[in-house]
Novice: 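Please find one structure pasted underneath; my questions will follow.
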Amino acid sequence: MRRLGTSGNWAYADTDGQNAGYFTMDARMSRAVVEVFVQLYEAGLIYRGKRLVNWDPVLGTAVSDLEVDSDEEDGTLWEIRYPSEDSTGSVVVATTRPETMLGDTAVAFHPADERYAHLLGKAAILPILGRRLPFVADEMVDRDFGTGLVKITPFHDPHDFEVGKRHGLPGIAVIDKTGRMTAEAGPDFAGLSREEARGKVVERLEAEGALVKVEDHVHNVGHSQRSGEPIEPLVSTQWFCDVSGMAKLALEAVQDGRLRLVPDSWDKTWEHWLANIRPWCISRQIWWGHQIPAWYTADGRTIVAHDEAEAIELAGGAAAGGLSRDPDVLDTWFSSALWPFSTLGWPEETADLATFFPTDVLITGFDILFFWVARMVMTSLHLTGEVPFRAVHLTGLVRDAEGVKMSKTKGNVLDPEELVAEFGADAVRFTLAALDSPGRDIPLNPDQMAGYRAFGNKIWNATRFALSRVGDEARISSDLDSKALAAPERWILSRLSATAAEVNAKLEIFRFDEAANRLYHFFWGELCDWYIELAKPALLGESGGASRPRAGDVLLTVLDRALRLLHPVMPFLTEELWQRLPGREAIHPETICLAPYPESMPAWDDPAVEEQMDALIGAATRVRSLLAETGRERKVGLWTPSPALEAFLLEQKPLFASLCRLERLDVSSRAWPAQEGGPEDLVAGIGIKVLGEKPAGDEAEDRRRAEKELEKLDAEIERTVHQLGDEQFLAKAPPPVVEKRRAALAQMEDRRASLHASLQAG
RNA sequence: AGGCCCGUAGCUCAGUUGGUUAGAGCGCUACGUUGACAUCGUAGAGGUCAGCGGUUCAAGUCCGCUCGGGCCUACCA
């Protein structure tokens with residue numbers, strides 16, 4: 001993160017004097033964990049109980065619902081016949097896990113299912129083991145699935161566990177914590193693995209003629225996120241946290257706007273998850289982690305305390321004898337959930353907590369929205385009454401150039417350090433910012449990064465050029481009077497102001513991509529491509545530069561602000577260059593990091609000059625294009641009926657000529673007579689005519705080009721004429737829109753006329 | 001099963017509250033440059049905005065459906 005230029009308060013992270021930052025097992029963090037545990041326990045929100053949990057037989061621990069990934073698998077559905085107790089008939093039940101039938105204790109049907117109402121009070125007999133299975137009626141059963149009868153295995157299925165509780169059914173554990181069959185499964189099966197038992201049960205059923213049907217069945221199987229093993233639902237004594245109340249608080253915080261999710265398309269997902277949340281299993285049977293602060297007395301009492309001394313005291317002093325501590329540890333996310341305030345010293349009322357809590361924004365990937373973000377929000381609201389941050393900016397996942405998730409096995413992992421080494425931290429940062437558009441993942445493409453590295457070069461070279469040419473007197477100026485400057489200077493200052501306004505607005509709404517792109521286009525497309533070119537005559541003392549006061553000051557001033565605007569995205573390059581700008585000391589004596597972030601400058605906004613300069617830039621672009629297409633001598637005439645525009649063009653004539661490298665440029669208000677063919681094109685009110693001779697030989701190419709353009713033009717004119725003849729359009733569209741169309745039509749017709757003329761002439 | 005997102009140029013993506021010849025970067029072609037540019041500049045080719053229907057004077061943009069892709073949550077034994 002340091003190499004990427006993250007502006008963290010690293011010194012703050014060194015408070016333990018070991019340059020280690022915070023570690024979740026530090027005394028300080030552990031203290032918060034214990035405190036929260038004790039508080040929630042005393043409030044009755046943390047409790048210990050025997051429940052059906054997600055058990056990972058490989059790791060030998062319980063895991064939470066979030067740590068179970070369900071994957072679709074091709075499985076088998078077995079239909080099994082269970083005879084009635086009174087041998088008057090039989091019922092057929094279905095299962096995807098035959099081995100669990102050894103733990104069946106009932107058969108259920110829907111209470112409103114008339115097909116089976118008569119079975120109530122009766123029982124079926126479990127094949128193989130001969131156990132008596134009473135029939136129970138429960139709404140959990142889907143009448144339309146299979147036969148409408150469900151075998152109930154309370155200790156190996158979450159739904160069956162609930163049914164069992166409702167009907168007072170016993171549970172029988174036939175699978176143990178290592179995933180092997182228990183003695184309860186019977187001597188034929190005890191000790192077998194789940195898979196072995198499944199095969200043997202099916203074999204036995206077949207032999208007994210109890211197997212009715214075997215069919216392929218696609219279903220979802222829960223796998224442990226950590227080990228990849230199928231999760232075994234097992235009954236086990238664990239610690240749970242009732243988060244329903246906190247979840248409600250977290251839900252409300254988003255609903256009433258105290259917490260903003262960005263983009264807000266996550267709101268519904270947030271609501272859905274929190275509204276349906278279930279108790280969180282927080283104990284783990286692993287040795288790494290925060291040990292649960294609970295002790296057990298010899299006589300079976302449970303004591304929850306901050307430490308052993310307190311536990312002994314609570315247990316009644318030394319008389320209590322040997323206390324044994326619960327060996328379990330907490331889910332790693334339990335301590336992570338406390339992060340926003342535990343790092344700041346909570347439960348003490350520290351100065352840090354007062355200063356930094358709540359924070360402004362959390363930036364993270366959506367993949368840990370529930371694991372981490374939701375839990376931080378829940379614990380903060382419950383324990384401090386405040387949201388931990390006011391906004392959560394959820395980014396996409398960084399993927400490879402093809403959009404494939406990076407993974408070691410696929411070998412498509414891009415190492416940030418290697419990227420930094422190849423492209424520079426600034427280019428890496430810029431790429432990440434530019435690609436971070438809401439609701440999308442981030443495909444990291446080295447080619448694109450190379451493009452942004454080139455942008456860095458561009459910034460470097462532009463600044464270097466400026467420093468070498470502005471002259472010794474030039475300084476960054478905070479009080480430039482735009483009105484006293486020439487048009488190009490007024491234009492770039494106006495554009496700078498608009499850019500600053502836009503970038504600030506985009507940052508405000510977390511659109512880092514749009515902010516970055518806007519800056520890219522300002523710097524390269526407006527500052528480098530146009531302003532620096534426009535400023536060259538003035539800076540180099542060439543013709544056209546005489547009436548250009550303070551051009552050097554303007555260039556430095558624009559660079560200063562452009563670098564400051566870019567600094568959050570490209571910190572290294574901008575700092576390096578900014579340090580060299582004459583006059584930057586007045587903005588900040590030490591570093592660009594601490595210089596104010598530029599905002600719009602209303603005094604520099606100049607729509608009139610922007611309009612004139614847009615016309616000039618548009619005309620210059622078209623002139624270049626016409627010259628490039630036809631290869632004619634670089635002699636051009638410009639014409640405009642507007643006296644103001646004519647005056648402006650006359651003023652900028654040397655500049656225009658240099659921009660297009662013209663040998664000759666005529667500017668007049670004289671329209672070309674029809675017999676001269678009229679202007680070749682009309683751009684922003686400026687008629688353009690190339691006066692140079694055509695080289696011989698490529699008339700055919702000219703004609704082809706003109707015909708192609710004419711074709712497109714005719715279609716567009718027809719469409720526009722039709723539209724302007726539409727009464728509905730004229731009546732309902734806003735007048736400015738209609739006006740714009742009329743103007744566009746007039747221009748297109750002019751263009752068509754000149755194309756016709758040149759075709760005839762040619 | 002419910003929900004969310006995406007489908008725009010060869011590739012990766014923008015496209016504000018609907019306003020009319022749809023943009024960028026990279027790639028490609030031509031020309032020019034090496035006196036800011038680890039090249040850069042100028043110009044150019046390239047798109048029936050997944051499809052169908054609807055609302056509207058006007059739809060890439062709003063609504064519905066279909067197809068294709070991704071994800072989240074839950075889960076039928």
Side-chain angles (χ1 to χ4, degrees), chain A residues 65-66 70 77-79 93-97 100 108 140-142 144-153 157-160 217 219-220 222 263 265-269 271-273 276 366-367 369-370 396-397 401-403 405 431 434-435 437-469 505-506 509 511 513-514 517 520-521 525 528-529 532-533 536 540 621 624-629 631 660-661 705 712-713 715-716 719-720 723 726-734 736-738 740-741 744 748:
Chain A
D65 294 342
L66 274 179
S70 72
L77 188 67
W78 287 273
E79 288 191 4
V93 296
T95 182
T96 53
R97 299 195 55 198
T100 64
M140 174 274 274
V141 182
D142 178 357
D144 300 324
F145 188 87
T147 57
L149 288 166
V150 185
K151 62 191 233 13
I152 301 298
T153 321
D157 180 277
H159 284 103
D160 293 4
H217 182 70
H219 64 138
N220 289 309
S265 52
W266 286 101
D267 287 4
K268 279 190 181 177
T269 310
E271 281 173 27
H272 182 258
W273 191 75
N276 294 291
F366 65 82
D367 52 329
L369 181 61
F370 300 129
L397 261 42
E402 276 74 45
K405 200 167 176 172
T431 307
L435 294 181
S437 50
R440 284 195 94 109
D441 283 341
I442 301 172
L444 258 199
N445 188 344
D447 287 344
Q448 196 155 10
M449 221 172 273
Y452 290 129
R453 178 182 55 191
F455 179 50
N457 284 336
K458 191 74 180 175
I459 296 169
W460 179 269
N461 283 311
T463 309
R464 205 173 56 143
F465 170 76
L467 290 173
S468 71
R469 297 301 160 103
K506 295 303 185 188
I509 58 170
R511 288 305 301 265
D513 58 329
E514 293 190 341
N517 283 313
Y520 180 96
H521 287 110
C528 292
D529 288 351
I532 289 183
E533 294 306 318
K536 275 180 181 171
L540 304 176
T621 302
R624 286 169 174 170
S625 164
L626 284 169
L627 291 172
E629 281 170 7
C660 299
R661 292 182 295 126
R705 203 196 315 273
K712 274 166 79 176
L713 205 55
E716 187 55 27
R719 211 178 317 162
T720 310
Q723 187 179 32
D726 185 343
E727 283 175 27
Q728 297 275 19
F729 174 69
L730 297 176
K732 294 189 179 177
V737 171
V738 177
K740 224 168 127 186
R741 282 286 81 201
M748 287 188 291

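Quick caveat: nothing in here was measured; it's all calculated off a predicted structure. Values below: every heavy atom of this structure, side chains too, minus hydrogens, waters and symmetry copies. Each chain gets a letter, A, B and so on, in the order its sequence line appears, and its residues count up from 1.
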Novice: State which residues pass side chain to side chain donor-acceptor pair (under 3.5 Å) with A:Thr720; sequence neighbours excluded, sorted by chain then number.
Specialist: A:Arg741

Novice: Tell me every residue that passes side chain to side chain donor-acceptor pair (under 3.5 Å) with A:Lys458, counting only those two or more places apart in sequence or in another chain.
Specialist: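 So A:Lys458 forms no side chain to side chain donor-acceptor pair (under 3.5 Å) with any residue.
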
Novice: Quick one: salt bridge (Lys or Arg N to Asp or Glu O under 4.0 Å) partners of A:Asp157, sequence neighbours excluded?
Specialist: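 Salt bridge (Lys or Arg N to Asp or Glu O under 4.0 Å) check on A:Asp157 returns nothing, list empty.
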
Novice: Please name all residues satisfying ring pair (Phe, Tyr, Trp, His ring centres under 6.0 Å) with A:His272, sequence neighbours left out, ordered by chain then number.
Specialist: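 With sequence neighbours excluded, A:His272 shows a ring pair (Phe, Tyr, Trp, His ring centres under 6.0 Å) to no residue whatsoever.
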
Novice: Going by the rule side chain to side chain donor-acceptor pair (under 3.5 Å), which residues pair with A:Asn517 if we only count those two or more places apart in sequence or in a different chain?
Specialist: none

Novice: Polar atom pairs between nucleotides 4-6 of chain B and protein, under 3.5 Å, N or O only, would you list them?
Specialist:
from, atom 1, to, atom 2, distance (Å)
B:C4, OP1, A:Lys268, NZ, 2.9
B:C5, O2', A:Gly439, O, 3.1
B:C6, O3', A:Arg440, NH1, 3.3

Novice: List every contact pair, protein side and nucleotides 53-55 of chain B side both N or O, where the distance is under 3.5 Å.
Specialist:
none

Novice: Go along nucleotides 17-22 of chain B 5' to 3' and tag each nucleotide: B for a protein heavy atom under 4.0 Å from its base, S when only backbone or sugar atoms are that close, - otherwise.
Specialist: --BBB-

Novice: Which residues pass the ring pair (Phe, Tyr, Trp, His ring centres under 6.0 Å) test with A:His521, not counting sequence neighbours?
Specialist: none

Novice: Residues in side chain to side chain donor-acceptor pair (under 3.5 Å) with A:Thr147, at least two apart?
Specialist: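 Partners of A:Thr147 under the side chain to side chain donor-acceptor pair (under 3.5 Å) test: none.
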
Novice: Give the dot-bracket string for RNA chain B, reading 5' to 3', where a pair is Watson-Crick or G-U wobble with both distances under 3.5 Å, ( ) marks pairs inside the strand, [ ] marks pairs crossing earlier ones, | marks a partner on another strand, and . marks unpaired.
Specialist: (((((((..((((.....[...)))).(((((.......))))).....(((((..]....))))))))))))....

Novice: Check nucleotides 24-28 of chain B for protein N or O atoms closer than 3.5 Å to its own N or O atoms and list the pairs.
Specialist:
from, atom 1, to, atom 2, distance (Å)
B:A24, O2', A:His521, NE2, 3.4

